[in-house]
Amino acid sequence: MSCCGRGLKICLVVACILLLVIAVALVVLFLVVLKPKEPKITTKSVTLDRIQSAILPRPFLNLTLGLVVEVKNPNYGSFRYDDSNAYLVYRGDLVGVSPIPAGYQKARSTQTIRTNITLMAGEFLKDFEFYGDLLKGVLNFTSTSSLHGKASIFKVLKTEVSSNCTCEISVHVASQKTESSCKTVVRH
């Protein structure tokens, strides 16, 4: 009987060691390989959808910019983000706002978000430097957008993520072309 009791103890010790090794391997897998990563958010293009301007007889500007933002989720789990806005600033003054609706993105996928920003022309007409820029033929803007949300894996590991994208945009009035350069910063 002592032989069976000794064999049972050895079997239990080996089973406990095996369970401990499996538990450590799962913890390492979750913390290293499956750790939630930041979604990468980039502005792919800025287009000039519509522009109308005149200085005489009465100055006016009607301008609509199209933004294409790409959200790449590198996680093995989903990314859910809240409602947000894209803002357009001219010489420090807010001149346009566009909503970015809340969304859900599957694991390891890329999603394209398109939005338009229509300028609040009244803000331009108050700025005397606008007339000089319009005569020069180039209007310089700054566009900012941010997404706040949660990246999760198997609905167990979750992390809050905030990604901000800032673009410097030059609109060439005569040719109706745009140039842009963007920078994205991701924060936990």
Side-chain angles (χ1 to χ4, degrees), residues 1-47 49 64-89 92 94-118 141-169 178-188:
M1 189 92 168
S2 69
C3 178
C4 289
R6 182 175 176 193
L8 184 60
K9 286 181 184 179
I10 292 173
C11 185
L12 285 174
V13 168
V14 169
C16 286
I17 290 173
L18 186 61
L19 285 174
L20 185 62
V21 168
I22 290 172
V24 168
L26 286 174
V27 167
V28 168
L29 179 69
F30 271 105
L31 294 178
V32 176
V33 178
L34 298 177
K35 175 185 166 193
K37 299 168 187 75
E38 304 89 9
K40 292 173 178 50
I41 300 165
T42 55
T43 299
K44 285 301 190 184
S45 70
V46 179
T47 58
D49 290 347
T64 301
L65 293 175
L67 294 175
V68 177
V69 179
E70 184 178 87
V71 181
K72 184 175 184 179
N73 182 9
N75 292 303
Y76 290 94
S78 63
F79 173 58
R80 184 177 305 275
Y81 52 91
D82 304 328
D83 285 328
S84 186
N85 289 309
Y87 300 98
L88 194 65
V89 176
L94 179 66
V95 294
V97 179
S98 177
I100 299 173
Y104 173 81
Q105 191 167 353
K106 295 180 181 179
R108 302 185 65 78
S109 66
T110 301
Q111 182 178 5
T112 302
I113 301 170
R114 299 181 197 295
T115 187
N116 290 324
I117 299 179
T118 301
F141 299 95
T142 301
S143 171
T144 59
S145 56
S146 62
L147 290 179
H148 306 282
K150 288 186 179 183
S152 66
I153 297 178
F154 303 127
K155 297 185 181 182
V156 176
L157 293 175
K158 294 182 181 181
T159 183
E160 290 194 20
V161 176
S162 175
S163 179
N164 301 311
C165 184
T166 302
C167 295
E168 299 299 323
I169 303 166
T178 62
E179 294 176 18
S180 63
S181 95
C182 301
K183 181 181 176 185
T184 302
V185 177
V186 179
R187 295 186 191 104
H188 282 256

Heavy-atom pair with the smallest gap, counting every atom of [X] and [Y]:
{"X": "Y87", "Y": "V97", "value": "CD2-CG2, 3.7 Å"}
{"X": "L65", "Y": "D49", "value": "C-OD2, 4.2 Å"}
{"X": "G66", "Y": "N116", "value": "CA-OD1, 3.4 Å"}
{"X": "Q111", "Y": "Q105", "value": "N-NE2, 3.3 Å"}

Query - Distance (rounded to the nearest 0.5 Å) between F141 CZ and C167 SG - result: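 Separation between the atoms: 13.5 Å.
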
Query raised in the report: Rounded to the nearest 0.5 Å, how far apart are OG1 of T142 and CD1 of I169?
Result: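 Answer rounded to 0.5 Å: 7.5 Å.
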
Report task. Check N85, D82, L147, V71 against I100 for a side-chain contact (heavy atoms from CB on, under 4.5 Å) and give me the one that passes. Result ->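 Output: one option passes, namely L147.
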
**Report entry** Donor-acceptor contact present, side-chain N73 to main-chain K106, <3.5 Å
**Finding:**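 It does hold such a pair.
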
Report task. State, with a plain yes or no, whether a side-chain heavy atom of Y81 is found less than 4.5 Å away from one of I113. Result ->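 Result yes, sub-4.5 Å side-chain heavy-atom pair found.
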
Query raised in the report: Any side-chain heavy atom of S98 sitting closer than 4.5 Å to one from L67?
Result: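 Side-chain contact under 4.5 Å: no.
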
Report task. Apply side chain to side chain contact (heavy atoms under 4.5 Å, CB included) to the pair N164 and T144, showing each step before the final yes or no. Result -> CA-CA 7 Å; N164 301 311; T144 59; over 6 Å; no

Query - side chain to side chain donor-acceptor pair (under 3.5 Å) against S181, all qualifying residues, sequence neighbours excluded - result: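 If we apply the side chain to side chain donor-acceptor pair (under 3.5 Å) test to S181, skipping adjacent residues, there are no hits.
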
Requested in this report: Would you tell me whether C182 and C165 have their SG atoms within less than 2.5 Å of each other?
Outcome: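 Unbridged: C182 and C165.
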
